[in-house]
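Everything on this sheet refers to the single structure shown next.
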Amino acid sequence: MKRGAPRGEVRIIGGAWRSRRLIFPVSEGLRPTPDRVRETVFNWLAPYLPGATCLDLFAGSGAFGFEALSRAAARAVLVEKRQEAVAALRLNREQLKAEHADIVHADAMEFLRGPAAAFDVVFLDPPYASGLLSPCIELLEARGWLTSGALVYLETPKGVAPPLSETWQLARSKTAGQVGYHLARRT
């Protein structure tokens with residue numbers, strides 16, 4: 001991150017790095033998921049995270065990927081296209097000594113078109129106005145990015161139903177403020 005540039009902070013809610021702060025550049029379109037939403041999501045995921053492999057597309061602040069690692073996930077790949085955000089992710093990884101965090105500087109759609117590796121948990125939270133949720137879901141399913149029982153977190157504006165693949169079942173769904181958040185399971 002550039003010196004003197006506006007920055008935001010989010011905290012890790014639980015696990016080994018509980019209460020540690022992550023810094024990120026303040027920029028248009030980057031909207032970290034509120035703490036109470038992340039807390040609920042990670043309560044949902046608690047039985048599945050130990051030893052899991054996680055993919056955090058549109059990583060932004062990295063809150064999902066680093067939180068998963070804090071709660072005993074084996075590996076997290078954080079994909080982000082904005083250089084300033086990637087620099088902050090790398091700095092956060094260094095400060096946390098998060099050896100199992102892979103930071104990938106790439107466009108999420110291009111990343112998903114590349115060589116696939118199957119993940120147990122995927123965090124899918126693109127900018128709301130981007131229209132990328134459905135195309136990402138199609139690529140995740142078609143290109144082999146998901147294990148057989150994978151869990152996929154989806155975030156949408158309140159009142160917007162999450163698009164689901166034919167092989168996914170909605171396991172949990174809630175709203176908080178203007179955010180709809182959902183957990184789907186691949187069946």
Side-chain angles (χ1 to χ4, degrees), residues 1 7-27 29-112 114 116-127 130 132-133 136-137 139-140 145-147 150-155 179 181-184:
M1 273 180 34
R7 69 180 209 179
E9 290 185 357
V10 294
R11 70 180 176 90
I12 294 176
I13 296 165
W17 300 322
R18 181 184 178 145
S19 298
R20 296 285 300 268
R21 300 226 175 245
L22 303 172
I23 60 163
F24 61 91
V26 174
S27 64
L30 196 143
R31 49 165 179 71
T33 301
D35 284 1
R36 73 178 191 178
V37 171
R38 280 188 294 113
E39 184 171 10
T40 300
V41 169
F42 280 97
N43 286 339
W44 293 345
L45 291 172
Y48 310 101
L49 281 177
T53 56
C54 302
L55 176 60
D56 186 358
L57 287 169
F58 308 96
S61 69
F64 281 115
F66 288 120
E67 184 83 36
L69 289 170
S70 180
R71 294 172 184 244
R75 178 174 172 245
V77 175
L78 291 80
V79 179
E80 177 56 50
K81 78 174 186 178
R82 289 170 294 203
Q83 179 57 46
E84 305 82 26
V86 169
L89 290 169
R90 290 180 176 149
L91 180 63
N92 289 324
R93 176 181 60 191
E94 181 180 315
Q95 290 179 347
L96 293 171
K97 297 179 179 37
E99 305 88 31
H100 303 298
D102 298 327
I103 312 298
V104 178
H105 182 200
D107 175 82
M109 294 297 290
E110 288 176 22
F111 177 82
L112 291 175
F119 287 89
D120 302 308
V121 177
V122 175
F123 300 101
L124 190 52
D125 179 18
S130 69
L132 292 174
L133 200 54
C136 283
I137 289 168
L139 287 172
L140 283 169
W145 286 101
L146 304 171
T147 60
L151 294 163
V152 181
Y153 169 78
L154 304 141
E155 193 170 304
V179 176
Y181 55 107
H182 320 276
L183 189 64

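Basis for what follows: all heavy atoms, side chains included, without hydrogens, waters or symmetry-related copies. Source: prediction; values computed, not measured.
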Check Glu80 against Ala85 and note the closest heavy-atom contact, atom names and distance. CG-CB, 3.6 Å
Which pair of heavy atoms, one from Val26 and one from Arg7, lies closest together, and at what distance? CG2-C, 3.4 Å
The side-chain contact (heavy atoms from CB on, under 4.5 Å) partners of Glu99 (sequence neighbours excluded) come to Lys97
Rounded distance [0.5 Å steps], CZ in Arg82 versus CG in Leu89: 9.5 Å
What are the two closest heavy atoms between Ala68 and Cys54, and how far apart are they? CB-SG, 3.9 Å
Would you say Phe24 and Glu84 make side-chain contact, with heavy atoms under 4.5 Å? no
Considering all heavy atoms, the nearest Leu57-Ala108 contact: CD2-CB, 4.0 Å
In terms of ring plane angle, is the pair Phe119 and Trp145 parallel, tilted or perpendicular, where the classes change at 30° and 60°? parallel
Can you tell me how far apart CG (Leu183) and CG (Leu151) are? Round to the nearest 0.5 Å. 5.0 Å
Considering all heavy atoms, the nearest Leu132-Met109 contact: CD2-CG, 3.9 Å
Partner set under side-chain contact (heavy atoms from CB on, under 4.5 Å) for Val179, not counting sequence neighbours: Tyr128, Glu155, Tyr181
Do the charged groups of Arg71 and Glu67 touch, with an N to O distance under 4.0 Å? yes
Could you go through Leu140 and Val122, starting from their C-alpha distance and side-chain angles, then the distance that decides it, and tell me whether this counts as side chain to side chain contact (heavy atoms under 4.5 Å, CB included)? CA-CA 9 Å; Leu140 283 169; Val122 175; 4.0 Å; yes
Step by step, work out the side chain to side chain contact (heavy atoms under 4.5 Å, CB included) result for Val86 and Ile103. CA-CA 7 Å; Val86 169; Ile103 312 298; 4.0 Å; yes
Glu9 side, atom CD; Ser61 side, atom OG - distance, nearest 0.5 Å: 11.5 Å
List the steps and the verdict of side chain to side chain contact (heavy atoms under 4.5 Å, CB included) for Leu133 and Phe58. CA-CA 11 Å; Leu133 200 54; Phe58 308 96; over 6 Å; no
Give the ring-plane orientation class for Phe123 versus Phe42, where under 30° counts as parallel, over 60° as perpendicular and anything between as tilted. tilted
Rounded distance (nearest 0.5 Å) linking atom CG of Leu22 with atom CG of Leu96: 6.0 Å
Please report the shortest heavy-atom distance between Gly14 and Ser70, naming the atom on each side. O-OG, 2.6 Å
Set of residues satisfying side-chain contact (heavy atoms from CB on, under 4.5 Å) with respect to His100, sequence neighbours excluded: Leu69
Residues at least two apart in sequence or cross-chain that pass salt bridge (charged side-chain N to carboxylate O under 4.0 Å, His left out) with Arg11, listed by chain then number, are Asp35
Please round to the nearest 0.5 Å and tell me the distance separating atom CG of Asp125 and atom CG of Leu154. 9.5 Å
Under the side chain to side chain contact (heavy atoms under 4.5 Å, CB included) rule, what do Val121 and Leu45 come out as? Steps first, then yes or no, please. CA-CA 9 Å; Val121 177; Leu45 291 172; 4.2 Å; yes
Can you list everything that forms a salt bridge (charged side-chain N to carboxylate O under 4.0 Å, His left out) with Arg75? Sequence neighbours excluded, please. Asp102
If a pair satisfies side-chain hydrogen bond (donor to acceptor under 3.5 Å, both in side chains) and one of its residues is in residues 39-59, list it, with sequence neighbours excluded. Tyr48-Arg185, Thr53-Asp120
Heavy-atom side-chain proximity of Val77 to Val79 below 4.5 angstrom: yes
Enter the distance from Asn92:CG to Arg90:CZ here, rounded to the nearest 0.5 Å. 12.5 Å
